[in-house]
There are 2 protein chains.
Amino acid sequence: MARKPSAADAPLRLDNQICFAVYSAAHAFNRVYKPLLDRLGLTYPQYLVMLVLWERDDVPVKEIGEKLFLDSGTLTPLLKRLEAAHLVKRTRSSEDERQVLIALTPQGHALREKARSVPQSILAATDCSVPELVAMKDEIVALRDRLNAVIGD
Amino acid sequence: MARKPSAADAPLRLDNQICFAVYSAAHAFNRVYKPLLDRLGLTYPQYLVMLVLWERDDVPVKEIGEKLFLDSGTLTPLLKRLEAAHLVKRTRSSEDERQVLIALTPQGHALREKARSVPQSILAATDCSVPELVAMKDEIVALRDRLNAVIGD
DNA sequence: CGACATTCAATTGCGAACAATTAAATGTGA
DNA sequence: TCACATTTAATTGTTCGCAATTGAATGTCG
């Protein structure tokens, strides 16, 4: 038996869910990045790891994980692929043998120059002004941090 | 040789990237949803499919894909898992044998009632007002649609 | 010093996500 | 009607993402 749409249904409607907006926007970003990153031989998560390393080299896996909100189950195989591509080197820390330090190779450093044009291309694709994007980014980060705060209960 | 941070580096900084904000917020949402959806026996993408079906039943795979921005490579195995869980039935359309129609089972319908409390729990986790969330959602959807428009070139 | 807990990366298994290909059904035009 | 293109799902292979477990190194407390 057919039901009339009622106000009680609104919370379950797809279009009303901010989480779906975020989920689908993340996929849209990924699709825009794809052709740009293909030229660098990187996937998007690999690109994120490279961003971390371009800011600070010789970083333990743990720290990369904290910055990207990813765990070793994701990072270990990803980093092995970056190593196979000769972009990073993985070495056990001598001070703490539990840690694996990730360092850029010369090719890894060099890739940074090829990556410089990427943010500009993405900016163009958003068809937004920089201040608009910064404002949105700050709002989304604040939301993310509130969500992450709830997890640790 | 160490480099001074310069303005030219800003575009490649992780914290400046809206895409990473969106990417990490999507994962944060997923982690908040996880315990709620575990009780329903659903993953987050499966929950999205159920949202579509609760709005309109007996839908071809294609249409689900268009609403969620997913293709058959993702949906076919996901829908088979939902079928194995007795939540949906997959049947070839008699009018067009190429299409597979997805229909809810009685259990699939019934699950809707158990799902009603989910949006409220998510809302609480965001620690945001409804108008704030609606405004953000609209902005993110607009951004997503502009990104998707660029893809089709 | 020695039992114990903690930390860290690696591993395993499962479920997305997507590109590329395949195969069947349908539509179209000569 | 028949060749051909288009549409639709399914399949295959690669890469994430995460829970759960393992094993080695380190830290802590009696």
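Per chain, numbering begins at 1; letters A, B, ... match sequence-line order. Because only heavy atoms are used, hydrogens play no part in the values below, and waters and symmetry mates are left out as well, while side chains stay in.
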- prompt: When rounded to the nearest 0.5 angstrom, what distance separates CD in B:Gln17 from NZ in A:Lys137?
  reply: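 Nearest 0.5 Å value for the CD-NZ distance: 9.5 Å.
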Atom [atom1] of [X] and atom [atom2] of [N]: how far apart are they, to the nearest Å?
X	N	atom1	atom2	result
A:Arg92	C:dT7	CZ	P	17 Å
B:Lys34	D:dC18	NZ	C1'	8 Å
A:Asn148	D:dC18	CG	P	10 Å
B:Ile64	D:dT8	CD1	P	14 Å
B:Leu75	D:dA9	CG	P	9 Å
A:Glu97	C:dA10	CD	P	13 Å
A:Leu79	D:dG17	CG	P	12 Å

query: Between B:Arg92 and B:Glu97, is the closest basic N to carboxylate O distance under 4.0 Å?
result: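 Looking at B:Arg92 together with B:Glu97, the answer is no, because their closest N to O distance does not fall below 4.0 Å.
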- prompt: In terms of side-chain heavy atoms of B:Val100, which of D:dA9, C:dA19, C:dT26 is nearest?
  reply: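 Among the listed nucleotides, the one closest to the side chain of B:Val100 is D:dA9.
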message: Of the options D:dT26, D:dT11, D:dA9, whose atoms approach the side-chain atoms of B:Lys62 most closely?
response: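 Closest of the options to the side chain of B:Lys62: D:dA9.
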query: Are the side chain of A:Glu132 and the backbone of A:Ser129 linked by a donor-acceptor contact shorter than 3.5 Å?
result: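 Checking the backbone N and O of A:Ser129 against the side chain of A:Glu132, a donor-acceptor pair under 3.5 Å is found.
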query: Quick check: does any side chain N or O of A:Trp54 sit under 3.5 Å from a backbone N or O of A:Leu104, one acting as donor and the other as acceptor?
result: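 The answer is no, because no donor-acceptor pair under 3.5 Å joins these two groups.
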task: Step by step, work out the ring-ring contact (aromatic ring centres under 6.0 Å, His included) result for A:Tyr44 and B:Tyr23.
output: CA-CA 10 Å; A:Tyr44 181 67; B:Tyr23 169 90; 5.4 Å; yes
message: Quick check on DNA chain D: between B:Glu66 and B:Lys80, whose nearest nucleotide comes earlier from the 5' end?
response: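 Counting from the 5' end, the first nearest nucleotide belongs to B:Glu66.
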Considering only distance and modelled atom types, tabulate donor-acceptor pairs under 3.5 Å from the side chains of residues 140-152 of chain A, sequence neighbours left out.
unit_1	atom_1	unit_2	atom_2	d
A:Arg144	NH1	B:Ser24	OG	2.8
A:Arg146	NE	B:Thr126	O	2.6

query: According to a strict under-4.0 Å criterion, is B:Thr76 in side-chain N/O contact with OP1 or OP2 of D:dA10?
result: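 Checking D:dA10 against B:Thr76, a side-chain N or O does come within under 4.0 Å of OP1 or OP2.
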- prompt: For B:Arg90 and D:dA9, is the shortest distance between a side-chain N/O and OP1 or OP2 below 4.0 Å?
  reply: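 Result: no.
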Taking only N/O atoms, report every protein-nucleotides 14-17 of chain C pair under 3.5 Å with atom names and distance.
unit_1	atom_1	unit_2	atom_2	d
C:dA16	OP1	B:Thr43	OG1	2.5
C:dA16	OP2	B:Gln46	NE2	2.6
C:dA16	OP2	B:Arg81	NE	3.0
C:dA16	OP2	B:Arg81	NH2	3.4
C:dA16	O5'	B:Arg81	NH2	3.2
C:dA17	OP2	A:Tyr23	OH	2.4

query: With distance as the sole criterion, is a donor-acceptor pair present between the side chains of A:Gln120 and A:Ser117 under 3.5 Å?
result: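 Absent: no donor and acceptor within the cut-off.
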task: Could you pick out which residue, A:Gln99 or B:Arg98, lies toward the 5' side of DNA chain C when each is mapped onto its nearest nucleotide?
output: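 The residue closer to the strand's 5' end, by nearest nucleotide, is A:Gln99.
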query: Base, sugar-phosphate, or nothing: which does A:Glu95 touch, judged by heavy atoms less than 4.0 Å apart?
result: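 Sugar-phosphate: the residue A:Glu95, judged by heavy atoms under 4.0 Å, touches backbone atoms but no base.
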